[in-house]
Amino acid sequence: MTGCIALIAHDEKKDDMAEFARQHQDALSRFRIIATGTTGGRVQDACPGLEVTRLKSGPLGGDQQIGAMVATGEVDMLLFFIDPLTALPHDVDVKALTRLATVYDIPMALNRATAEKLIDFQ
């Protein structure tokens, strides 16, 4: 394995993340995959052969769990499919996570187009 990728998707982007994972299953299989709870479940359903460690749901602390892993150097890439058109009650957690990825210089994709580019470079 070449490192750890964290996968997160807002509700309106979960189908997109599952489809992204299905299309890039071979590339993703070379990484340790962690994901927030529901996103991880959707990815596992789409890719039964992919090993995914599921953390808590984002609003219940999953975003913060991944943020802590970024801060301790356990995450090498963050794929976070954000829905900019939906208000989020845990927006503070989302901002904290993207801030940590920026502070620790972790490659981060906030949409599928960027994720496609990042995964192609691996």
Side-chain angles (χ1 to χ4, degrees):
M1 289 192 193
T2 58
C4 178
I5 295 181
L7 304 178
I8 308 170
H10 287 152
D11 288 346
E12 297 300 319
K13 299 293 183 174
K14 290 189 191 316
D15 288 342
D16 200 22
M17 179 63 81
E19 179 60 20
F20 171 84
R22 191 189 63 71
Q23 288 182 353
H24 297 282
Q25 187 169 353
D26 288 341
L28 289 171
S29 69
R30 296 190 303 265
F31 292 86
R32 177 176 168 233
I33 304 293
I34 61 169
T36 49
T38 310
T39 299
R42 296 289 293 278
V43 168
Q44 283 181 316
D45 289 346
C47 309
L50 199 60
E51 188 174 328
V52 178
T53 300
R54 292 173 62 190
L55 305 175
K56 292 182 182 288
S57 173
L60 299 178
D63 295 340
Q64 291 182 353
Q65 286 179 297
I66 291 176
M69 295 174 78
V70 167
T72 57
E74 298 173 67
V75 173
D76 300 296
M77 184 186 306
L78 174 63
L79 304 182
F80 192 169
F81 289 6
I82 292 177
D83 177 10
L85 303 177
T86 303
L88 303 168
H90 66 294
D91 190 53
V92 172
D93 298 333
V94 172
K95 287 179 180 170
L97 177 56
T98 56
R99 179 185 162 281
L100 283 168
T102 302
V103 167
Y104 288 97
D105 204 24
I106 302 297
M108 174 176 50
L110 300 178
N111 60 41
R112 187 167 177 166
T114 306
E116 300 276 354
K117 298 294 183 189
L118 284 179
I119 207 74
D120 285 347
F121 284 115
Q122 299 306 312

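Predicted, not measured: the structure shown is a model, and the values here were computed from it.
Minimum interatomic distance between Ile34 and Cys4 (heavy atoms only, all atoms of both residues): CG1-SG, 4.0 Å. Across Ala46 and Ala18, no two heavy atoms sit closer than the pair CB-O, 3.7 Å. The two residues Ala109 and Ala115 have their closest heavy-atom pair at CB-N, 3.4 Å. Heavy-atom minimum distance, Ala101 versus Met108: CB-SD, 3.8 Å. Looking at every heavy atom in both residues, Pro107 comes nearest to Leu118 through CB-CD2, 4.0 Å. The shortest non-hydrogen separation linking Leu50 to Gln44 is O-CG, 4.4 Å.
Contact check for Met17 versus Val43: side-chain heavy atoms found under the 4.5 Å cut-off.
Here CD of Gln64 is found 14.5 Å from CE of Met69. Values are rounded to the nearest 0.5 Å. Rounded to the nearest 0.5 Å, atoms CD (Gln65) and CG (Leu97) are 11.5 Å apart. A distance of 10.0 Å separates CG in Leu110 from CD1 in Ile8, rounded to the nearest 0.5 Å. With values rounded to the nearest 0.5 angstrom, Asp45 atom CG is found 13.5 Å from Arg22 atom CZ. Here the CZ atom belonging to Phe20 is positioned 5.5 Å from the CG atom belonging to Leu79, to the nearest 0.5 angstrom. Atoms CE and CD1, on Met77 and Ile33 in that order, are 9.0 Å from each other to the nearest 0.5 Å.
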Can Leu78 and Leu100 be said to form a side-chain contact (heavy atoms from CB on, under 4.5 Å), step by step?
CA-CA 11 Å; Leu78 174 63; Leu100 283 168; over 6 Å; no
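Not counting sequence neighbours, the partners of Thr114 by the side-chain hydrogen bond (donor to acceptor under 3.5 Å, both in side chains) test are Asn111. Residues passing the salt bridge (Lys or Arg N to Asp or Glu O under 4.0 Å) test with Glu74: none are found, sequence neighbours excluded. For Arg99, there are no side-chain hydrogen bond (donor to acceptor under 3.5 Å, both in side chains) partners two or more places apart in sequence or in a different chain. Asp11 meets the side-chain hydrogen bond (donor to acceptor under 3.5 Å, both in side chains) test with no other residue; sequence neighbours excluded. In this structure, the ring pair (Phe, Tyr, Trp, His ring centres under 6.0 Å) partners of Phe80, at least two apart in sequence or on a different chain, are His10. Residues passing the salt bridge (Lys or Arg N to Asp or Glu O under 4.0 Å) test with Glu116 are Arg112, sequence neighbours excluded.
Checking side-chain atoms of Thr39 against main-chain N and O of Ala9 turns up a donor-acceptor pair under 3.5 Å.
Hydrophobic cluster membership is shared by Val94 and Val103, with clusters built from Ile, Leu, Val, Met, Phe, Trp and Tyr side chains linked at under 4.5 angstrom.
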